[in-house]
Each structure stands twice: as structure tokens, then as C-alpha cells.
Amino acid sequence: MALYEYVTQEQLAGFDKYKYSAVDSNPLSIYVMHPFWNFVVKFLPTWLAPNLITFTGFMFLVLNFLMLAFYDFDFNASSAGHQHVPSWVWVAAGIFNFLAYTLDGVDGKQARRTNSSTPLGELFDHGLDSWACVFFVATVYSIFGRGESGVGVVTLYYILWVVLFSFILSHWEKYNTGILFLPWGYDISQVTISLVYLVTAAVGVETWYQPVIFHLLYRDLFTFMIIACSFTVTLPMSLYNVLKGYRNNTLKHSSLYEGLLPFLSPFLLFVLSTIWVIYSPSNILELQPRIFYLMVGTAFANVTCKLIVCQMSNTRCQPLSILLLPMTAVVVLAITRVFTNETLLLYLWTAAVVLAHIHYGVSVVKQLSNHFSIFAFSLKKPNSD
């Protein structure tokens, strides 16, 4: 696979000056998870590269996605009258999700423990986190499914965008303030969902058919919690931190246009994908929800990774992601019926997006590894014995 130099020389120079700056004020993280991660990291061998820990944790989430895709490809398995996902799958999903969360928490501690912290490690961690959003949401969706007591595929599409929006808010903050304010919702959601998987294995998906109280179903509580967390906690805190920087005259970008620039490509991606959903001749989201979510989540990760590169290198965010140009053509082909087999078009475009994103990731990791004279997945130095 030929590699392209996506990171400019100006950005490489910015990475050389980069210093990690983050604020974690979540009580669950501070008083419970960090002590737990400090305990766990002591058992890891000192030769184990932090990026390998990060990648392993990410692959646990991918494994959950693939496992549920096998047993519940179209999100109908949890509906009444359908063959349900085996209990052991939910046990595995709960364990794998918590392992992924734990490894995501100890990778940075392993880097500091082995004196191997680099900007590549942070970029690799947050880049995979941006892609993990779609795998996490799609796997959780299988708990409720799309049946009468579940969540509709269109509703889940918008919930996915709420999660993606919440993720990019933190990096928009850092793009403007230079400080990464870690969102409270992440730790709470990871612990909660890991437990919900295990509870589902014990009591069965039928439990979620029942109302929580009066006529409030669990699906409604699930939807409400995600939306409420985003718009009453994540968004207000992000706006507060940016406005605080504005009042203190410490923002990195003085103009409103430059400050909001990181939202342009994600917004256009939302518009394009939503146009496809609304005007699809074959109602593609009803036919292939899992593949459509994967396409949207991967395209979002690609856009977000480029923002993270700009944010870490202290360079200007590009207004338009190049990936949106061919996607525009794909959406036009779909809604105008020029390409009559819409399902095939979605599969081809999803494959192209996934391959393009993997190519981008591999190229950036290789380029930064060469720049810092390190191996991405080994603590050995190049040309060392």
C-alpha cells in the first residue's frame, strides 16, 4: 500500500512543539477509575508499547461490533418473535467493552511509566476513539433493536450524530483553548453499558420491553439520557470553557469564523448523509442500517482525525475535507436513481470510505513514526539491537 504524506511540514514542526494539556474533573474518573488504572498498569510488562495497548482496546470494540453483526445484522434480534442474541454474546460484549475502556485508560499511564510519551501516542489514541464511536453505538443498539419496544433506525441515526457531535466538541474546545477538557459522559457511559450488557445476559432482552415507570420504556430512557447528557452537560461545559478563554483573551483563534471552522466538514457530512436518508429511493436506512451507520461513523472519524492533527500541531483547520467531494457524487447518484442498485452503491462507498480511512491512518502513523524516529508498536528504537 503506497503511503501519502498527509501531514505537512508545518504540521510536523508544530508536533515538535506540542505539549499535552488536559483537564479531567469527572469524580468517577478521579476517585474510582484512575486509582483502578494505576493498579492495573503495574501488571503490564515494561516492554509493552502504549500504542499496542490502545490498538488492542480498540479492536475489542470492533470485535463487539462484528460479533453482534453476526447475530443481529439488521437489529431485529431483540424484537419479540425473533431469535435473540445468545446470552454468552452479551457476557462477552460486557467484558470486551470494559477491557476496551480499561486499556484506553492505562495506555497513557504506560507511556509515562516507560518514558515513551509522544504526540503520536495521543493522536493515535484520540484518532481511534473517534472511530470507536460508531462501533460502540451500533453494538448498544442491539440491546433494544428496532422492534415495537425498540428504537427506530432513523431515530438511532440521529442519536449516533448526537454522540459524534459530543465527541468532536472536546476537540473543538482544544482547537480553540489549547486544553482538552475530558467529557464527563464518557466514563459514566462506558461503565454503565458494560453493566447493561451483563444484565442483559442474565435477565434477557425481554426485560427491556417493560416500562421503567408508568409508560416510560427503557428505549425512551436510553434516548433521553444520551440527548440530555449531550445538550445539558457536554455542550454547556464546552461553551463555558471556550467563552472563559474568550473573556481571558487566551483563545488561539480570535475570529468567530476561524473558531467555528472545525464544524464545517462534520456539518456538511451530516447534511449529505441526511439528504441520502430522507430522499433515498429504496429507503436505504431501513434496508441497511448497520452499513449506513458504519459509513457515516468512518467518514466522521476521518474528518475528526484531520481536526486533531491541526489541533495538536497548532495549524489552521482546513475548511473542507476532500472525502466530502466524492460523497456528494455518491449521494447524487443514489437519490437521482442514476445508480439503480442503491444497496450495492452503499456497500461500494462504505468499502471505499473504510479503506481510505485506514490508508490515511497508516500513512499518518508511519509519517510521524519516521519523524520522531520511533516504532509505533514497539519501544525499541530504529537501528537498535
Side-chain angles (χ1 to χ4, degrees), residues 15-64 94-133 135-136 167 170-171 173-174 177-195 301 304-305 308-309 311-312 361 364-365 368-369 371-381 384:
F15 273 110
D16 288 333
K17 303 172 185 175
Y18 177 75
K19 299 294 182 184
Y20 179 68
S21 179
V23 174
D24 188 356
S25 58
N26 183 358
L28 174 62
S29 177
I30 295 172
Y31 297 111
V32 179
M33 298 316 304
H34 276 291
F36 173 67
W37 295 332
N38 288 331
F39 171 77
V40 170
V41 76
K42 295 175 183 177
F43 294 93
L44 300 179
T46 53
W47 53 260
L48 186 60
N51 288 342
L52 192 57
I53 298 172
T54 305
F55 186 70
T56 302
F58 171 74
M59 289 308 297
F60 275 124
L61 295 179
V62 174
L63 180 58
N64 269 357
I95 294 172
F96 292 163
N97 192 83
F98 190 75
L99 283 173
Y101 173 50
T102 300
L103 294 176
D104 190 42
V106 303
D107 53 3
K109 296 182 183 298
Q110 176 75 348
R112 289 183 286 276
R113 178 175 176 240
T114 57
N115 196 29
S116 58
S117 298
T118 65
L120 173 60
E122 182 182 342
L123 176 62
F124 190 68
D125 186 358
H126 294 159
L128 289 182
D129 285 346
S130 68
W131 201 6
C133 290
F135 300 120
F136 174 72
F167 180 88
S170 296
H171 294 282
E173 277 183 83
K174 189 173 183 184
T177 66
I179 302 172
L180 181 65
F181 296 91
L182 300 175
W184 283 29
Y186 172 70
D187 297 283
I188 297 170
S189 65
Q190 292 301 312
V191 173
T192 302
I193 291 301
S194 296
L195 292 173
T304 304
C305 283
I308 297 172
V309 168
Q311 166 241 106
M312 292 182 64
V364 170
V365 168
L368 287 176
S369 296
H371 178 74
F372 290 112
S373 299
I374 57 174
F375 290 121
F377 299 108
S378 173
L379 295 181
K380 292 182 178 179
K381 297 295 183 182
S384 66

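The shortest heavy-atom contact between Leu379 and Pro50 is CD2-CD, 3.8 Å. Listed here is the closest heavy atom pair of Gly127 and Cys305: CA-SG, 3.6 Å. When all heavy atoms of Ala100 and Gly57 are compared, the closest pair comes out as CB-O, 3.2 Å.
In this structure, CG in Asn97 is found 5.0 Å from CD in Gln190, a value given to the nearest 0.5 Å. A distance of 12.5 Å separates CG in Leu99 from CG in Asp104, rounded to the nearest 0.5 Å. Here Ser170 contributes atom OG and Leu180 contributes atom CG; the two are 6.0 Å apart, rounded to the nearest 0.5 Å. Atom CD1 of residue Ile308 and atom NE2 of residue His126 lie 7.0 Å apart, to the nearest 0.5 angstrom. Note: Phe372 CZ to Lys381 NZ = 11.0 Å, rounded to the nearest 0.5 Å. The distance from the CZ atom of Phe136 to the CG atom of Asn64 is 10.0 Å, given to the nearest 0.5 Å.
In this structure, the side chains of Ser369 and Phe375 stay at 4.5 Å or more apart for every pair of heavy atoms. Using a 4.5 Å cut-off on side-chain heavy atoms (C-beta onward), Phe15 and Leu123 make contact. No side-chain heavy atom of Leu44 sits less than 4.5 Å from a side-chain heavy atom of Lys109. Contact annotation: the side chain of Asp129 never approaches that of Cys133 to less than 4.5 Å [non-hydrogen atoms, C-beta and beyond]. The shortest distance between side-chain heavy atoms of Lys174 and Ile179 does not fall below 4.5 Å.
At least one donor-acceptor pair closer than 3.5 Å links the side chain of Gln110 to the backbone N or O of Leu48. Looking at Arg113, its side chain does come within 3.5 Å of a backbone N or O of Val41 through a donor-acceptor pair.
Partners of His371 according to the ring-ring contact (aromatic ring centres under 6.0 Å, His included) rule, which considers only residues two or more places apart in sequence or in another chain, do not exist here. The side chain to side chain contact (heavy atoms under 4.5 Å, CB included) search around Val62 returns Phe58, Met59, Leu66, Phe135, not counting sequence neighbours. Listed by chain and number, the residues in a ring-ring contact (aromatic ring centres under 6.0 Å, His included) with Phe96 are Phe60 (sequence neighbours excluded). Contacts of Phe39 classified as ring-ring contact (aromatic ring centres under 6.0 Å, His included), with partners at least two apart in sequence or in another chain: Phe43. Under the rule for a side-chain hydrogen bond (donor to acceptor under 3.5 Å, both in side chains), the partners of Asp24 that lie at least two apart in sequence or sit in another chain are Ser29, His34.
Ring pair Phe36/Phe98 is tilted by interplanar angle, where 30° to 60° counts as tilted.
Between Asp187 and Tyr101, the side chains place a donor N or O and an acceptor N or O closer than 3.5 Å (distance only, hydrogens not considered).
Ionic pairing of Glu122 and Lys19 is not present here: no N-O contact between side-chain nitrogen and carboxylate oxygen is shorter than 4.0 angstrom.
Judged as a side-chain hydrogen bond (donor to acceptor under 3.5 Å, both in side chains), the pairs with a partner in residues 42-62 (not counting sequence neighbours) are, in order, Thr54-Asp107.
At most 12 heavy atoms of other shown residues, nucleotides or ligands fall within 6.0 angstrom of atom CZ in Phe55.
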